[in-house]
Amino acid sequence: MAIELLSARQLREMRPAGAFVAEVLTSLVQHAAVGVDLLELDALAHEMIRARGATSCYIDYAPSFGRGPFGKVLCTSVNDAVLHGLPHPYRLRDGDLVSFDFAASLNGWVSDSAVSVAVGTPREEDLRLIEATEVALARAIAVARAGNKVGDLGAAIGATAREYGYAVNTQFGGHGVGRTMHGDPHISNNGRAGRGFALRPGLVIAIEPWLMAGTDQIRMDDDGWTIRSADGSRTAHSEHTVAITDGDPIVMTAR
Ligand code: MG
Ligand code: MG
């Protein structure tokens, strides 16, 4: 495993990247309204990247599973789409549940964060699904402390999902973050408490619970990127970049 441990100084240097990613997501949430096109939201994020002199982690992203490069700076996953939603011409409709996942590099450091919101008139069951991902994320962050194990994070997420009555898919999860978007360790969304890599001061990780209302199975969209729930049920995703320290964890992408 290639694990980066950052000094206190490097963690301070990373803060602007986290603040920038948070700022972009806040702006996207403010702009996510009925009638707004996903491509307009991608353009908004792209303009903020240019204005700040940041670098997109997505636009040239071409992993083994994708039909890369991604070509956009933002993932927009609507309703049954849950991860890696490729922005396309689509105007948001009343009651849509949209997840924004955004990662960028600033001054050589990356941050990665995601948020899910209901557009217009929310459905009760969507708000509950979003809440489950947010509570799971908060509980994982609460145990993101030196001495605890990676498995403690996944255990917190998995237990929260089950408490809300949702199944967990473990094909995609959290990851180390540093000078690049995806590093070790992998953070499963259904770990076993007390197992796995020991969290150490200076470790920076993206923690990202994502849930589907009716299934733990996914399917790939025809665009080669967008991952949807296999049964068409609604989905949500919450993510923060978090630094482990000697004391309390630092949520780099806090909004
Ligand atoms: Mg992300
Ligand atoms: Mg991530």
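Read the numbers this way: they start at 1 and go in the same order the structure lists the ligands and their atoms. No experiment lies behind these values; they were computed from the predicted model shown.
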Visitor: Using every non-hydrogen atom in the two residues, find where His84 and Ser77 come nearest and quote the distance to one decimal.
Guide: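 Heavy atoms only, the tightest pair is N-OG, 3.9 Å.
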Visitor: So what's near the Mg ion (ligand 2), protein N, O or S atoms under 2.8 Å?
Guide: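 Less than 2.8 Å away from the Mg ion (ligand 2) sit Asp112 OD2, His175 NE2, Glu208 OE2, Glu239 OE2.
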Visitor: Look at the side chain of Thr235 and the backbone N and O of Ala81, then say whether any donor-acceptor pair between them is shorter than 3.5 Å.
Guide: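 Side chain of Thr235 to backbone of Ala81, a donor-acceptor pair under 3.5 Å: yes, one is there.
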Visitor: Yes or no on ring-ring contact (aromatic ring centres under 6.0 Å, His included) for His182 and Tyr61, after CA distance, side-chain angles and deciding distance?
Guide: CA-CA 11 Å; His182 288 142; Tyr61 188 52; 5.7 Å; yes
Visitor: Kindly give the cluster partners of Val135, where membership spreads through any ILVMFWY side chain lying under 4.5 Å from a current member.
Guide: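 Besides Val135, the cluster holds Leu97, Leu129, Ile130, Tyr164, Tyr166, Val168, Leu211.
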Visitor: Using distance alone, with no hydrogens and no angle criterion, decide if Thr133 and Ser238 have a side-chain donor and acceptor under 3.5 Å apart.
Guide: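 Yes, a side-chain donor-acceptor pair sits under 3.5 Å.
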Visitor: Between Arg9 and Glu13, is the closest basic N to carboxylate O distance under 4.0 Å?
Guide: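 Salt bridge flag = yes for Arg9 with Glu13.
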